[in-house]
Amino acid sequence: EARVMDFIHCHTAIPVPRVHMIFERDKVFYNVMDFIPGTPLDHLYATSSPEALRDIARELSGFIQQIRSVPIVPRTTLGSWDGKPPAVGYECGAIQCFKSVAEFDAYWIKRSKLDISLPSTEHAMVVPTHGDLHGENILVEDGKIVAIIDWDTFGWYPDFWELLSVWRAGGVSKKWRGALEGVFGPLTERHLLYMTLLHSSFEEPLRYDIDESLFL
């Protein structure tokens, strides 16, 4: 995670804390980094205006494009940036390596135990991805994003994966949903199907900022 944060700091304008020290104690690793004053975005849904949330969503969209444009060797396989299996932000630990988006799809269909068919992966791209951009990992101050944190899930994922974490939340926020739709457009069929898969793949169901009756 520390190496990823240093890489992002050097090659983008995305605000990330600077790491000053890494040490191990009792087989646990610690990062010593900057303290950045700010409030997690998911604490601001109720008090922020729709316009302010749309500005934040627009800024976040720009950061996602910067992540996808980092000067790094392209890959077609899915996994963490150090070549290990994907570290999925929805659970502790890695899952398995995937050679294609079709193989990635097959894993989640099997894990969910649902009889679901996903759209063709013909146009799906594998891109650099933060992987866990939900509201707790986006710090805001005075209406601006001041830090993106929790980079341990950074790696190569299908291009639709990033928005799944952006939409994930502990509760439904109509204003944030409106901001996301205004900036990123409506959710695609693939997004909705994946929300259904992920909702059914964990002991504690994932929650998204949409009416779950929309799950396909």
Side-chain angles (χ1 to χ4, degrees), residues 1-2 4-9 11-19 31 33-70 87-92 127-155 157 159-188 191-192 194-195 198-199 202 204-212 214-215:
E1 181 179 12
V4 171
M5 292 167 68
D6 185 61
F7 177 81
I8 293 295
H9 173 80
H11 294 286
T12 74
I14 299 170
V16 296
R18 298 304 310 275
V19 178
N31 291 340
M33 64 184 74
D34 291 338
F35 171 77
I36 299 180
T39 302
L41 174 60
D42 60 356
H43 295 183
L44 299 174
Y45 295 151
T47 58
S48 298
S49 68
E51 293 76 17
L53 289 175
R54 181 169 294 196
D55 287 343
I56 292 170
R58 190 175 294 112
E59 190 175 18
L60 182 62
S61 175
F63 290 158
I64 291 172
Q65 292 307 313
Q66 289 187 51
I67 293 171
R68 294 182 177 186
S69 301
V70 292
V88 178
Y90 307 113
E91 62 183 354
C92 296
V127 296
T129 303
H130 178 285
D132 202 15
L133 278 179
H134 62 86
E136 292 182 6
N137 291 333
I138 302 168
L139 302 184
V140 176
E141 186 77 9
D142 296 328
K144 298 289 186 181
I145 297 175
V146 294
I148 301 291
I149 61 174
D150 204 4
W151 289 84
D152 58 321
T153 53
F154 179 80
Y157 296 88
D159 51 10
F160 60 83
W161 190 253
E162 196 81 276
L163 276 187
L164 290 172
S165 62
V166 173
W167 280 82
R168 184 161 64 92
V172 174
S173 166
K174 292 182 179 180
K175 287 190 293 184
W176 182 233
R177 180 169 69 240
L180 291 176
E181 290 177 343
V183 172
F184 294 98
L187 289 167
T188 66
H191 284 121
L192 291 170
Y194 250 95
M195 287 180 177
L198 294 173
H199 184 77
F202 299 91
E204 182 178 347
L206 301 183
R207 301 298 179 188
Y208 290 93
D209 272 340
I210 68 170
D211 180 347
E212 292 177 5
L214 296 176
F215 287 175

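From a predicted model like this one, the values you see are computed outputs, not experimental measurements.
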Subject >> Partner set under side-chain hydrogen bond (donor to acceptor under 3.5 Å, both in side chains) for Asp34, not counting sequence neighbours >> reply: His20
Original post:
Nearest heavy-atom pair of Asp159 and Val127: which atoms, and what distance?
Top reply: CA-CG2, 3.8 Å
Subject >> For Ala147 against Ile36, the heavy-atom pair lying closest together >> reply: CB-CD1, 3.8 Å
Original post:
So, for Leu164 and Met195, which heavy atoms are closest and what is the spacing to 0.1 Å?
Top reply: CD2-CG, 3.8 Å
Subject >> Main-chain N/O of Ala13 paired with Gln66 side-chain donor or acceptor, under 3.5 Å >> reply: yes
**OP:** Look up atom CG in Leu53 and atom CD in Glu51, then write down how far apart they are to the nearest 0.5 Å.
**Re:** 9.0 Å
Original post:
Sub-3.5 Å donor-acceptor pair from the side chain of Lys175 to the main-chain atoms of Ser49, do we have one?
Top reply: no
**OP:** Take Ile138 and Ile148 through the test side chain to side chain contact (heavy atoms under 4.5 Å, CB included) and record every step on the way to the result.
**Re:** CA-CA 5 Å; Ile138 302 168; Ile148 301 291; 4.0 Å; yes
**OP:** Can you sort out the partners of Asp55 under side chain to side chain contact (heavy atoms under 4.5 Å, CB included), two or more places apart, ordered by chain and number?
**Re:** Arg58
Original post:
Can you name the nearest heavy-atom pair linking Pro15 to Phe63, along with the distance?
Top reply: CD-CZ, 3.5 Å
Original post:
For the residue pair Met33 and Pro17, what are the closest heavy atoms and their distance?
Top reply: SD-CB, 3.8 Å
Subject >> Counterpart residues, side-chain hydrogen bond (donor to acceptor under 3.5 Å, both in side chains), relative to His11 (two or more places apart) >> reply: none
**OP:** Report the distance from atom CG of Asp132 to atom CG of Asp150, rounding to the nearest 0.5 Å.
**Re:** 5.5 Å
Original post:
Should the pair Tyr194 and Phe160 be assigned to parallel (<30°), tilted (30 to 60°) or perpendicular (>60°) ring geometry?
Top reply: tilted
Original post:
Quick one: does Arg18's side chain get under 4.5 Å of Asp6's, heavy atoms only?
Top reply: yes
Original post:
From Ile14 CD1 over to Ile67 CD1, what is the distance, rounded to the nearest 0.5 angstrom?
Top reply: 4.0 Å
Original post:
Between Trp176 and Leu41, is any pair of side-chain heavy atoms under 4.5 Å apart?
Top reply: yes
Original post:
How many angstroms lie between CE in Met5 and CG in Asn31, if you round to the nearest 0.5 Å?
Top reply: 7.0 Å
Subject >> Donor-acceptor pair, side chain of Thr153 and main chain of His130, under 3.5 angstrom >> reply: yes
Original post:
Counting only N and O atoms by type, is there a donor-acceptor contact under 3.5 Å from the side chain of Glu59 to the main-chain atoms of Ile145?
Top reply: yes
Original post:
Going by the angle between their ring planes, with limits at 30° and 60°, are Trp151 and Phe154 parallel, tilted or perpendicular?
Top reply: tilted
**OP:** Identify the heavy atoms of Ala57 and Ala179 that sit nearest to each other, and give their distance.
**Re:** CB-O, 3.9 Å
Original post:
Step by step, would you call Thr39 with Val140 a side chain to side chain contact (heavy atoms under 4.5 Å, CB included)?
Top reply: CA-CA 5 Å; Thr39 302; Val140 176; 5.5 Å; no
Subject >> Separation between CD of Glu162 and CG of Leu133, rounded to the nearest 0.5 Å >> reply: 4.5 Å
Original post:
To the nearest 0.5 Å, how far apart are CG in Leu187 and CZ in Arg177?
Top reply: 10.0 Å
